[in-house]
*Asks:* 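Here's a structure for you.
From a predicted model like this one, the values you see are computed outputs, not experimental measurements. Any value given below was found using the heavy atoms of this structure, including those in side chains, with hydrogens, waters and symmetry copies removed.
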Amino acid sequence: MKVRVRLLCHKGKYLKRVELTDGPSHVGEVRVQEVRDLEMARPVMTGRLLQLVNGIETDVLPELLNAELVWLKGDAIRLAGLERVDGTLYAQTWSMELL
């Protein structure tokens, strides 16, 4: 499903309203599925935002681990979870708009 994603956090801290408004958005195909995370050594629900680059699916954003649906209303979806950046896990929330 094609979506536009705005990140609501940076390194685990919620962004201010002006940062959200002025910040970038990311477009791609969203995929939510359970996969086995090797570092956690267990299955986790993941969220991924993908784009097709030269025929290869490429992650646009860091994978969202332990992804949970926060809400869904009309063409708006919110997923929350953890993103792994340089080996550290940070809280992250994706605010998505269906395209």
*Asks:* Is any side-chain heavy atom of Val5 less than 4.5 Å from a side-chain heavy atom of Val30?
*Replies:*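 With C-beta onward as the side chain, the pair stays apart.
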*Asks:* For the atom pair CG (Leu49) and CZ (Arg4), what is the distance rounded to the nearest 0.5 Å?
*Replies:*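 The distance works out to 11.0 Å.
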*Asks:* Just so I know, are the side chains of Ile77 and Met1 near enough to count as touching, which here means a heavy-atom distance under 4.5 Å?
*Replies:*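 Side-chain contact under 4.5 Å: yes.
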*Asks:* Taking all non-hydrogen atoms of both residues, which atom of Gly74 and which atom of Leu98 are closest, and how far apart?
*Replies:*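 Here Gly74 and Leu98 meet closest at O-CD1, 4.3 Å.
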*Asks:* Report the distance from atom CD1 of Ile56 to atom CD of Gln51, rounding to the nearest 0.5 Å.
*Replies:*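 So the gap between those two atoms works out to 13.5 Å.
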*Asks:* Would you say Leu72 and Trp94 are hydrophobically clustered, going by side-chain heavy atoms of ILVMFWY under 4.5 Å?
*Replies:*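 Yes; tracing contacts between hydrophobic side chains, which count when under 4.5 Å, links both residues.
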*Asks:* With hydrophobic residues grouped by side-chain heavy-atom distances under 4.5 Å, do Met96 and Leu8 end up in a single group?
*Replies:*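 No, because Met96 and Leu8 fall into different hydrophobic clusters, even though each may have its own neighbours under 4.5 Å.
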*Asks:* Measuring from atom OG1 of Thr46 to atom CG of Leu64, what distance do you get when rounded to the nearest 0.5 angstrom?
*Replies:*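 That separation rounds to 8.5 Å.
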*Asks:* First locate atom NE2 of His26, then atom CG of Leu7, and finally report the distance between them rounded to the nearest 0.5 Å.
*Replies:*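 With rounding to 0.5 Å, NE2 (His26) is 4.5 Å from CG (Leu7).
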*Asks:* Distance-only, no hydrogens or angles: does the Gln92 side chain make a donor-acceptor pair with backbone N or O of Gly81 under 3.5 Å?
*Replies:*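 Pair absent, no side-chain N/O of Gln92 close to backbone of Gly81.
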*Asks:* Show the nearest heavy-atom pair for residues Ala67 and Gly47, with the distance to one decimal.
*Replies:*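 For Ala67 and Gly47, the tightest heavy-atom pair comes out as CB-N, 3.8 Å.
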*Asks:* Check for me, please, whether Tyr14 and Leu20 land in the same ILVMFWY cluster - side-chain distances under 4.5 Å, paths through other members count.
*Replies:*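 Tyr14 and Leu20: one cluster.
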*Asks:* Between atom CD of Gln33 and atom CE of Met45, what is the distance when rounded to the nearest 0.5 Å?
*Replies:*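 Gln33 atom CD to Met45 atom CE measures 9.0 Å (nearest 0.5 Å).
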*Asks:* Which residues pass the side-chain hydrogen bond (donor to acceptor under 3.5 Å, both in side chains) test with Arg36, sequence neighbours left out?
*Replies:*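 Arg36 satisfies side-chain hydrogen bond (donor to acceptor under 3.5 Å, both in side chains) with no residue once adjacent residues are dropped.
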*Asks:* Should Leu79 and Leu15 be counted in the same cluster of Ile, Leu, Val, Met, Phe, Trp and Tyr side chains packed under 4.5 Å apart?
*Replies:*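 Shared cluster, no.
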*Asks:* Can you sort out the partners of Arg6 under side-chain hydrogen bond (donor to acceptor under 3.5 Å, both in side chains), two or more places apart, ordered by chain and number?
*Replies:*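 Testing Arg6 for side-chain hydrogen bond (donor to acceptor under 3.5 Å, both in side chains), a comparison that skips the adjacent residues, returns none.
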*Asks:* Does the side chain of Leu50 come within less than 4.5 Å of Leu52's, by heavy atoms?
*Replies:*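 Not in contact.
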*Asks:* Could you work out, with side-chain hydrogen bond (donor to acceptor under 3.5 Å, both in side chains) as the rule, every residue matching Glu57, not counting sequence neighbours?
*Replies:*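 With neighbours one apart ignored, the set is Arg31.
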*Asks:* Val70 and Val3: same hydrophobic cluster, using ILVMFWY side-chain contacts below 4.5 Å?
*Replies:*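 No, no single cluster joins them.
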*Asks:* Please list all pairs meeting salt bridge (Lys or Arg N to Asp or Glu O under 4.0 Å) that have one or both residues in residues 10-26, counting only residues at least two apart or in different chains.
*Replies:*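 Sorted result for residues 10-26: empty, none.
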*Asks:* If the condition is side-chain contact (heavy atoms from CB on, under 4.5 Å), which residues does Leu89 pass it with, not counting sequence neighbours?
*Replies:*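 Per chain and number, Leu89 pairs via side-chain contact (heavy atoms from CB on, under 4.5 Å) with Met40, Leu65, Leu82, Arg84.
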*Asks:* Mind checking who shares a hydrophobic cluster with Leu99, ILVMFWY linked at side-chain heavy-atom distances under 4.5 Å?
*Replies:*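 Besides Leu99, the cluster holds Val27.
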